[in-house]
Amino acid sequence: MRMSQLLLPTEREAPADAQALSHVLGVRAGLVRQLGAGLWTWLPAGWRVHQKVEAIIREEMDAIGAQELLMPLIQPRELWQKTGRDQIDELFSLSDRKGAELVLAMTHEEAVTVHVSQLVRSYRDLPLILYQLQLKGRDEPRPRAGVLRTREFIMKDSYSFDRDEAGLDASYAKHIEAYDRIFDRSGLEWYRVESDVGVMGGSGAHEYMAPCPAGENEVALAPGYAANVEVASAAPSAAEVGPAGAPVSEVATPGAKTIEQVSAVLELDPSGLLKAFPVVTEDGRTLIAVVRGDHRVNEVKLRSVVGCGFRPATDEEILEQIGPPGFIGPVGVELPVLLDEAVAAQEGGWVTGANKTDLHLLAVEPGRDFQFEAVDIRSVEAGDLVNGEPIRLETAIEVGNIFKLGTRYSEPLGASFLDQDGAELPIVMGSYGIGPARIAAAVIEQNADEYGIAWPKAIAPWAIELVVLGKADSAELEAAEKLYDELQVLGAEVLFDDRDAGPGEKFKDAELLGCPLRITLGKRSLESGMLEVGGRHGMVELEPIALGAGAAAAILEALAQLP
RNA sequence: CGGGGAGUGGCGCAGUCUGGUAGCGCACCCGGCUGGGGGCCGGGCGGUCGCAGGUUCAAAUCCUGUCUCCCCGACCA
């Protein structure tokens with residue numbers, strides 16, 4: 001590709017509103033442009049990257065026997081009513097000229113399941129894996145970070161259909177194989193982590209997480225362990241708690257309503273305090289969740305424990321049913337107490353609110369002083385132990401997920417088959433997503449420096465950028481044209497900077513765009529007979545290559561050495 | 001949805017408080033010089049100041065409404 005003919009709008013300055021690195025560099029390097037909130041255009045160079053990611057995905061999906069198809073983005077709302085997903089706030093709705101109600105699909109479970117329900121009748125038709133690379137529409141409450149969270153995006157979504165749970169496990173395992181290879185080949189640093197299955201149920205789920213500062217998730221990592229903090233469990237550090245066996249006593253804590261204030265007034269470590277978090281569930285129950293003072297309630301875990309959604313109790317509800325807000329505790333309260341295991345597992349006397357203004361209790365012992373159910377409802381902290389190893393927390397962006405759906409969609413949509421005995425059974429499904437745009441953005445985040453992007457070969461817009469320094473009609477340009485032709489004959493992907501521009505401008509743009517290998521041909525090259533060769537990643541200088549017959553082949557050899 | 005911020009030429013910004021002929025840098029176009037790190041000189045093009053109403057002799061500036069975008073949080077099946 002000749003740069004003189006390429007639509008590549010590079011910018012010297014970052015867009016004023018950009019925060020995330022991938023957002024800044026994606027715009028500055030001329031890969032993407034914004035059309036509206038969460039609506040992005042892929043410009044030619046960026047689209048090449050996206051297509052390279054897609055190609056990797058296709059190869060690996062095909063390799064596990066998946067079959068590609070394409071389903072509509074616009075779908076009848078009725079379909080979504082059958083699965084109850086028409087109530088999702090993020091679902092874009094529209095109607096046609098006849099007033100028929102339509103939606104923009106946010107995923108394609110409904111559509112694919114309807115088709116399979118019509119097309120699959122026998123156990124002989126299963127298993128089946130279908131996939132597509134198709135747009136998704138989501139009316140996100142807050143699009144952000146450039147291409148990382150958008151309202152319209154391309155997703156690779158696949159769906160597996162099996163006769164039973166064992167078949168689902170096998171399809172799931174195949175996806176793990178494919179996904180591991182896809183993310184490896186894309187040049188990403190990634191983790192496969194255990195993830196939340198959500199209120200819709202499902203028997204297992206993992207997310208593929210790429211660590212990067214712009215990420216929206218936190219993952220807990222230890223040797224042999226990786227989980228989204230939403231579901232991570234680990235052994236806590238020991239609390240500094242008072243001795244067991246002492247009688248409960250009241251202590252004055254005037255005005256001390258927060259853990260910090262109470263621990264300051266009593267000169268105790270926050271870990272020896274109990275934090276009470278009253279919630280009201282969607283089905284109308286009031287519960288008190290209790291964790292250590294230095295721990296945080298994990299709302300995802302708590303949701304799965306209570307079995308439905310919930311909200312924090314209001315101050316009025318707390319005052320009416322428990323005690324004065326700021327001084328509440330589980331002692332002497334009629335409500336069910338969900339006590340975090342970190343507390344239940346350690347003997348001792350804890351400090352809690354007394355349910356009286358300006359008073360706390362000392363030496364409170366779970367079981368002796370209040371009844372409880374021990375549950376895991378806290379978020380893990382860095383340094384907690386898994387298999388004796390301390391965990392660390394990293395922010396990451398979700399680039400893919402795999403999910404055992406079971407019969408969540410096949411039952412309401414009537415997707416069933418006849419088994420060998422002639423019995424009608426629901427098809428057991430899984431669904432699996434990958435966001436190519438997020439892969440591209442995460443690779444940028446993970447492979448950039450102060451000068452720009454440093455693409456790995458696998459998804460670079462071009463493998464080689466050939467920079468010529470010289471005026472029109474110069475001998476340099478003539479030599480570069482010849483080299484460009486030779487590289488193309490060998491099948492190399494070359495971006496040829498043949499613009500009538502100064503060297504500074506060309507080098508800066510090359511570093512911004514970040515093709516893995518840069519070849520420079522200028523007057524010096526003609527004098528010395530040698531081409532300058534540089535690897536973008538880490539800006540390494542490579543051995544010069546002699547101009548002449550073998551130059552193009554030598555350049556491809558140099559490229560082969562690069563990541 | 002809660003909090004904060006911003007809409008002025010393609011990009012980045014000043015001007016708004018204190019109303020008086022819309023400006024700067026970059027980019028772009030023309031000519032010339034330069035040609036190994038965004039170079040220099042000269043000459044140009046381009047904006048009804050987000051939109052709608054209002055106040056005023058006069059509105060980018062004041063008032064009212066509205067739309068859009070960004071950031072933090074909530075949400076994210």
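These numbers come from a predicted model, not from an experiment. Naming convention: chains lettered A, B, ... in sequence-line order (proteins, then strands); numbering from 1 in each chain.
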A:Q87 side chain near B:A77 phosphate (N/O to OP1/OP2, under 4.0 Å): no

Compare the minimum distances between each of [options] and the side chain of [X], then state the nucleotide with the smallest one.
| X | options | answer |
| --- | --- | --- |
| A:A37 | B:G35, B:C69, B:G38 | B:C69 |
| A:R85 | B:C75, B:A77, B:G37 | B:A77 |
| A:E532 | B:G38, B:G36, B:G12 | B:G36 |
| A:R144 | B:G36, B:G35, B:G73 | B:G73 |
| A:R142 | B:C71, B:G38, B:G35 | B:C71 |
| A:R12 | B:G35, B:G73, B:A27 | B:A27 |
| A:R524 | B:C71, B:G38, B:G36 | B:G36 |

What about A:E11, does its side chain sit under 3.5 Å from the base of B:G38 through a donor-acceptor pair? no

So, does the side chain of A:R499 form a donor-acceptor pair with the base of B:G35 at under 3.5 Å? no

Tightest non-hydrogen contact, residues A:L512 and A:A29, listed as O-CB, 3.8 Å

Pair A:D340 + A:R296: basic N to acidic O under 4.0 Å: no

Using a strict threshold of under 4.0 Å (side-chain N to carboxylate O), is an ion pair present between A:R33 and A:E11? yes

A:K156-A:Y179 side chain donor-acceptor pair, cut-off 3.5 Å: yes

Pairwise C1' distance for B:G23 and B:C49, with rounding to whole Å: 12 Å

Give me the distance, rounded to whole Å, that separates B:U61 from B:U48 when you measure between the P atoms they each carry. 15 Å

Measure from CG on A:D500 to P on B:G39 and round the result to the nearest Å. 14 Å

